[in-house]
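Numbers restart at 1 for each chain; the letters A, B, ... are given by sequence-line order, proteins then strands.
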Number of protein chains: 2
Amino acid sequence: MTARDPIDIWRRPERSGVGPKPQHSRGQIAAAAIDIADRDGLAAVSVRRVARDMGTGPASLYRYLRSHDELVELMVDTVSGEYDLGPSGETPRDQLLALARQGRSIMHRHPWLAALLPTRPSMGPSTLRYLERALSAMESIDMPGPSKLQTVAMLTALTSAFVQNELSQPGNSGSDNGAANDRLEYLSEAVWSGNYPRLAGALAGGHEPETPDDMFTGIIVDYLAGAGLR
Amino acid sequence: MTARDPIDIWRRPERSGVGPKPQHSRGQIAAAAIDIADRDGLAAVSVRRVARDMGTGPASLYRYLRSHDELVELMVDTVSGEYDLGPSGETPRDQLLALARQGRSIMHRHPWLAALLPTRPSMGPSTLRYLERALSAMESIDMPGPSKLQTVAMLTALTSAFVQNELSQPGNSGSDNGAANDRLEYLSEAVWSGNYPRLAGALAGGHEPETPDDMFTGIIVDYLAGAGLR
DNA sequence: TATTGATTGCGAACGGTGTTCGCAATCAAG
DNA sequence: CTTGATTGCGAACACCGTTCGCAATCAATA
């Protein structure tokens, strides 16, 4: 009886010794998928495309994945492994801030990540390690456990919100080509109509150089202070 | 010569008098799509499904839409029309807070919205009206126009982040059925392994009743204060 | 009133997608 | 050498977004 057991999500089932040696791995699959997403956007990450890039057929990947959704989860968790969880900072606040900063740079490295993170709490090993680290930073804080978890969740949500805001700024085309143009067509027409005077005024003042680093730090620090982290 | 002009994104091209009267409308399409998304999740909103629910074929909708992406934009802007933009609140801060509160309840009414809003600044008429209203709330504030726009964008991003956090809480199944279960499987196993002691501790303390309203207000007010809004 | 032609409705088809099925190939254990 | 759990993967199914082409409509014109 061929078992066809459900694939253990994160560990491969410890090879029972029998059967041919695997020619692929979740790691390779994740790497290929992340590569595609970094280059051509998340929408380009299809099971078939990943398989093609790996030189095999789509069906093969289903020995390692339960679904396309799980592929995305795998991508998120894999990329979450890019955190450096070594100690950095004295106070809990500084440690969490450092983590958030790293998060921002990871999201810049993988622009598809920001939109994904708040939606799917991936719960892979790297994510769990990150969670454990963040909780350890808050060890001295007197606060019920669930609230600490919520604080961490809100922290990454804030970070991803900020980064998505950065990425949607004009100039960061990313992989959006013509879609934005249509929007701008209508926007300029609407502004020209005179129905939105304040909006017109706000848009008139050209895009000045911002200092997003300080803004980011400010927002995060304000939130942490509000949450009782000092 | 059949013109087949590009469809004006938000206004129908003012009917030139010639040709059969339209049997559908962008409004109907939006309503059908929103209904599907509210009931079965955003993933269920396909052009074909919307057409089927409207009792017609997929090709028909393409007289009113340029693409599936535009359908989603239309949904977002339509739902953004649910804001009540009447004056509420004295200070700029109170007005923006009131807007954010409305945003939260709209996102609760349409759970698919929160994940969409920060990604695609839809720029439809309702969105523009909302923007204009928010800017008018800040009229007395001395701040360059673009920064005001960024403040508003960050405000909705914060709101959507908070709501996504609320929605991913256990108990709000929404339309996720089995996917979360697999995650929990691995999570409980990982926690049981003893490798994540702090995480285990945090999860052990059962889910206490939260007071998300105050939390939300606190976060928004803190942000606005940090941005110079008093 | 008859004609015209821009506009709408939509069946049919194309290429891409996620996913399942079934079987041949593998290879440690017995 | 046999066994049988395991892997690789071609083929197929249902669905998706999108385009094409043409019949049907109907205000404006002749």
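Using a 4.5 Å heavy-atom threshold, the side chains of B:M215 and B:F162 count as touching. Side chains of B:T151 and B:L155 form no contact here, defined as non-hydrogen atoms less than 4.5 Å apart.
The ring-ring contact (aromatic ring centres under 6.0 Å, His included) search around B:Y196 returns none, not counting sequence neighbours. In terms of the side-chain contact (heavy atoms from CB on, under 4.5 Å) criterion, residue partners of B:Q28 (sequence neighbours excluded) are, by chain and number, B:H24, B:S25, B:M54.
Taking atom CD of A:Q23 as the reference point, atom P of C:dA24 lies 18 Å away to the nearest angstrom. Between the P atom of C:dT20 and the CG atom of A:L65 lies a distance of 12 Å, rounded to the nearest Å. A:D69 places its CG atom 17 Å from the P atom of C:dT17, with the value rounded to the nearest Å. Distance CZ (A:R63) to P (C:dT20): 12 Å, rounded to an integer number of Å. Atom P of nucleotide C:dG18 and atom CD of A:E70 are separated by 14 Å, given to the nearest angstrom. Note: CG (A:L61) to C1' (C:dT20) measures 14 Å, nearest angstrom. Straight-line distance from the OH atom of A:Y64 to the P atom of D:dT6: 13 Å, rounded to whole Å.
Closest to the B:P20 side chain, of the nucleotides C:dT7, C:dG9, D:dG8, is C:dT7. With C:dT19, D:dA27, C:dC23 as the candidates, the nucleotide lying closest to the side chain of B:K21 is D:dA27.
A:R26 and A:E70 are joined by a salt bridge, as a carboxylate oxygen and a charged side-chain nitrogen come within less than 4.0 angstrom of each other.
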What N/O pairs connect the protein and nucleotides 10-16 of chain D at under 3.5 Å? Give each pair on its own line.
from: D:dC16; atom 1: OP1; to: B:S46; atom 2: OG; distance (Å): 3.2

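Figure legend: cation-pi geometry between A:R104 and A:F216, with NZ or CZ positioned under 6.0 Å from the six-membered ring centre and within 45° of its axis.
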